[in-house]
**Q** 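If you scroll down you'll find the structure; I have some questions about it.
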Amino acid sequence: METLKNPPTEKKVFLETFGCQSNVLESDHVAGLLVRNHFTLTGKMEEADVILFNTCSIRQHAEDKVFSRLGQLVDWKRDKEGRVIGVLGCMATSYKDHLLERAPHLDMVVGPDQYLKVPQAIREASQSGQSQVLADFDPLYFPENDPRRLSQPHKAFIEIMKGCDKFCTFCVVPFTRGREVSRPAESIVAEAERLARSGVKEVMLLGQNVNSYGLSPGSKDKTLTFDQLLEEVGRVPGLERVRFMTSHPLDLSDELVETMARVPAVCESIHLPVQCGSDKVLKRMNRKYSVAHYLERVGKLRASIKDLFITTDLIVGFPGESDGDFRRTLDLLEEVRYDAVYSFKYSPRLGTPAARMLDPVPEEAKDARLAALNEKAWKHAAEKCEARLGRVEEVLVDGPADKTPGAFYGKSRQNRTVVFKGQGYRTGDRVRVRIESHKVANLYGTPVEPQGKGRGEK
Ligand code: SAH
Ligand code: SF4
Ligand code: F3S
């Protein structure tokens, strides 16, 4: 429970976040808890008394970054009594107390379902010098946003489910986040309403596998399916945009496609990871769909939703992936022509079935495949941007553009970054921008309405 009765502390906390949107949301949640428990947050590591890393285990590289950060803190920890170092997030649940073997100067290891205990754990670690490991799962716990403490005032993530039951053979998430549990719909809608009342215009509903919302065994008492939930959230007064991720292609229902097409607040955008274009490899990945099924779903989406922005995740170099399998992935790219592709080299994860598979792909072959894939993906992304030239995009303003003086930036409904000239705009304004050029995957343009108009106030 929250520990408001605790005395004020002078301690300053530096919190660095790695990994996916779940971690971004949960870091905001932890930051809110710390402030309510009288800690101060600092953006400067050198000022801090407490350093927390919210970590990711998805690929080796993500973990290496954290191990290297921890290594750099050995002297820092020794230099002053009462300093605290903590690891939160997925490395906490994947390594638990083994983390203390790798980094004995670590004071606390706290998994995603135990964040309410973070303030108390810091106090105890600082006073007693004893290391603590709190990594159990708790299906009833969901992090909520504190509307006063959002990293961005106009946009928020809402966690609608957690864990994953899909067990793709390459993936560590079912182990770091536990079994799939859906959050009760009333609680989600209530959070969306609270956020909207505090000025939030856009929400992203988050889960590893949102399309199976309400269907997992841990969700017996839930009455809504994902499309119904999306419709409910889409009705919340004040919310102009609703997004969601991630969709698993197997569970993408016709009802969801129809809801996306019908509900005005739901944006024309979907992230639909395919992972690979070869049925043989998909099977070894345990993705549970075929390329034909995936293409049929994309066809249905495109036929129903005008101007749909489709993005995907792809892994190259999965064990046993041949040149022929990889060519099928390139063929799939050619067929779908994604708006954006997030591509990864396969990274073996301890404890996952794929890590025990024979026939690893040599590093050079992975590199070459990644390069070929990215070249094609960028060509398609550029073509998609070309197709927006001369069109008017509705942009939700994120703030002044750092690199372009006298300009602002925001996101289109499709979720492309748009930079536009102008002055005096505020975060959360809605502006109609005519697109004049593009650079890499960003669009550039000029507002259609005269300056200061079209701010979208209702
Ligand atoms: N739940 C989401 C994905 C979460 S992880 C989904 O199913 O789509 C985000 C992406 O990381 C995955 O889509 C996958 O492309 C990539 N990924 C996961 N495990 C990986 C691994 N072991 N090596 C390389 N990429 C991986
Ligand atoms: Fe991982 Fe697969 Fe679950 Fe996504 S659906 S989180 S890739 S196991
Ligand atoms: Fe990483 Fe955990 Fe997210 S492994 S991708 S932080 S769910």
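For reference, positions follow the sequence shown, starting with 1. Numbering of ligands and ligand atoms starts at 1, following listing order.
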**Q** Looking at atom 1 (Fe) of ligand 2, is there an N, O or S atom belonging to Cys171 that lies under 2.8 Å away from it?
**A**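 Yes, Cys171 qualifies, because one of its backbone or side-chain N, O or S atoms lies under 2.8 Å.
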
**Q** Give the single entry among Lys166, Arg287, Gln275 that approaches atom 4 (Fe) of ligand 2 most closely by any heavy atom.
**A**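 Result: the heavy atom closest to atom 4 (Fe) of ligand 2 is in Arg287.
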
**Q** Which residue and non-hydrogen atom of the protein lie closest to atom 3 (Fe) of ligand 2, and at what distance in Å?
**A**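 I find the closest protein heavy atom is Cys164 SG, 2.3 Å.
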
**Q** Determine whether any heavy atom of Lys345 lies closer than 4.0 Å to an atom of ligand 1.
**A**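 Right, Lys345 reaches ligand 1.
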
**Q** Measuring from the heavy atoms of Val173, does anything fall under 4.0 Å of ligand 1?
**A**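 For ligand 1, residue contact (heavy atoms, under 4.0 Å) with Val173 is absent.
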
**Q** Does Arg59 have a non-hydrogen atom less than 4.0 Å from ligand 1?
**A**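 The answer is yes, since Arg59 has a heavy atom less than 4.0 Å from ligand 1.
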
**Q** Would you say Asn209 contacts ligand 1, with heavy atoms under 4.0 Å as the rule?
**A**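 Checking ligand 1 against Asn209, which is what was asked, there is no heavy-atom contact under 4.0 Å.
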
**Q** Non-hydrogen atoms of Gln21 versus ligand 3: any pair closer than 4.0 Å?
**A**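 Per 4.0 Å heavy-atom rule, Gln21 does not contact ligand 3.
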
**Q** Using a heavy-atom cut-off of under 4.0 Å, does the side chain or the backbone of Val173 touch ligand 2, or both, or neither?
**A**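 The side chain, only.
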
**Q** So between Ser347, Ser247, Ala354, whose heavy atom ends up nearest atom 23 (N) of ligand 1?
**A**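 It is Ser347 that holds the nearest heavy atom.
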
**Q** Report yes or no: does a heavy atom of Met285 sit under 4.0 Å from some atom of ligand 1?
**A**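 The answer is no: ligand 1 sits nowhere under 4.0 Å from a heavy atom of Met285.
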
**Q** Could you tell me whether Gln60 approaches ligand 1 through its side chain, its backbone, both or neither, with non-hydrogen atoms closer than 4.0 Å?
**A**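 Neither; no heavy atom under 4.0 Å.
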
**Q** Would Cys90 count as a contact for atom 2 (Fe) of ligand 3, in the sense that one of its N, O or S atoms lies under 2.8 Å from it?
**A**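 Yes, Cys90 qualifies, because one of its backbone or side-chain N, O or S atoms lies under 2.8 Å.
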
**Q** Is it the case that the side chain of Tyr294 and the backbone of Leu272 share a donor-acceptor pair, with hydrogens and angles ignored and the cut-off at 3.5 Å?
**A**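 Looks like yes, one N/O pair under 3.5 Å.
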
**Q** Does Cys20 put an N, O or S atom under 2.8 Å from atom 1 (Fe) of ligand 3?
**A**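 Looking at Cys20, which is the residue asked about, there is no N, O or S atom under 2.8 Å from atom 1 (Fe) of ligand 3.
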
